[in-house]
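Everything numeric here is computed off the predicted structure, so don't read it as measured data.
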Amino acid sequence: MGVVRPTRASSEGVRRSMQGNKGRDTKPELALRRAVHALGLRYRVSIRPLPAVRRTADLVFTKVQVAVFLDGCFWHGCPDHHTKARTNADYWADKVTRNRLRDAETDRLLRDADWQVIRVWEHEDPTEAALRIARVVRSRRP
């Protein structure tokens, strides 16, 4: 993975687009949170399930140790919807590979600490994903 990272965006348009990418409160994330909340579940938003590990989950159910990650199709290499970048293709392919490796490591670290990890793709129906989350959360309650 020795791809050289560009020091600048390839164009002004790319720079503006990248600056517009939000780290939280995206439309898919808000839709999922609304659907989960509508099922009567309460959660924490954008926190580290394991404070010593620099990984932030999108929704966290601390008492039952469930961490939910909403993964973007481009950034996490969705098998159905990932598209290859036209500019700096090698860099972006390497970036997605690193993201997937980090996701796998995060899942392992959380499972080793007895957390349940749920991954949701941004293209998934928020209501169906919320129902899946609710089943897991309720199954882990005493």
**Student:** Go through the steps for Arg48 and Arg54 under the test side-chain contact (heavy atoms from CB on, under 4.5 Å), then give the verdict.
**Tutor:** CA-CA 7 Å; Arg48 293 178 184 179; Arg54 261 188 76 205; 3.1 Å; yes
**Student:** Could you walk me through whether Trp115 and Thr106 pass the side-chain contact (heavy atoms from CB on, under 4.5 Å) check?
**Tutor:** CA-CA 11 Å; Trp115 280 75; Thr106 300; over 6 Å; no
**Student:** Just how far is it from atom CG of Asp80 to atom NE2 of His123, taken to the nearest 0.5 Å?
**Tutor:** 5.0 Å
**Student:** When hydrophobic residues are tied together by side-chain contacts of less than 4.5 Å, even through go-betweens, does Val53 share a cluster with Leu101?
**Tutor:** no
**Student:** For Arg42, look at atom CZ and say whether over 12 heavy atoms of other residues, nucleotides or ligands are found less than 6.0 Å away.
**Tutor:** yes
**Student:** Check step by step if side-chain contact (heavy atoms from CB on, under 4.5 Å) holds for Asn88 and Lys95.
**Tutor:** CA-CA 11 Å; Asn88 295 326; Lys95 171 70 174 160; over 6 Å; no
**Student:** Measure across Gly77 and Trp121 and return the closest heavy-atom pair with its distance rounded to 0.1 Å.
**Tutor:** C-CH2, 3.9 Å
**Student:** Would you please name every residue forming a side chain to side chain donor-acceptor pair (under 3.5 Å) with Glu124, sequence neighbours left out?
**Tutor:** Arg132
**Student:** What's the separation between atom CG in Asp58 and atom OG1 in Thr26, rounded to the nearest 0.5 Å?
**Tutor:** 7.5 Å
**Student:** Determine whether Glu29 and Ser46 satisfy the following criterion, side-chain contact (heavy atoms from CB on, under 4.5 Å), listing intermediate values before the conclusion.
**Tutor:** CA-CA 11 Å; Glu29 186 179 329; Ser46 295; 4.1 Å; yes
**Student:** Mind listing the closest non-hydrogen atom pair of Val60 and Pro49 along with its distance?
**Tutor:** CG2-CG, 4.3 Å
**Student:** Each residue besides Val64 in its hydrophobic cluster should be listed here, by chain and number; the cluster joins Ile, Leu, Val, Met, Phe, Trp and Tyr at side-chain heavy-atom distances under 4.5 Å.
**Tutor:** Leu32, Val36, Leu41, Tyr43, Val45, Leu59, Phe61, Val66, Val68, Leu70, Ile118, Val120, Ile133, Val136, Val137
**Student:** Just verifying a value: how many Å separate Leu30 CG and His37 NE2, rounded to the nearest 0.5 Å?
**Tutor:** 13.0 Å
**Student:** Restricting to side chain to side chain donor-acceptor pair (under 3.5 Å), what partner residues turn up for Glu105, sequence neighbours left out?
**Tutor:** Arg55
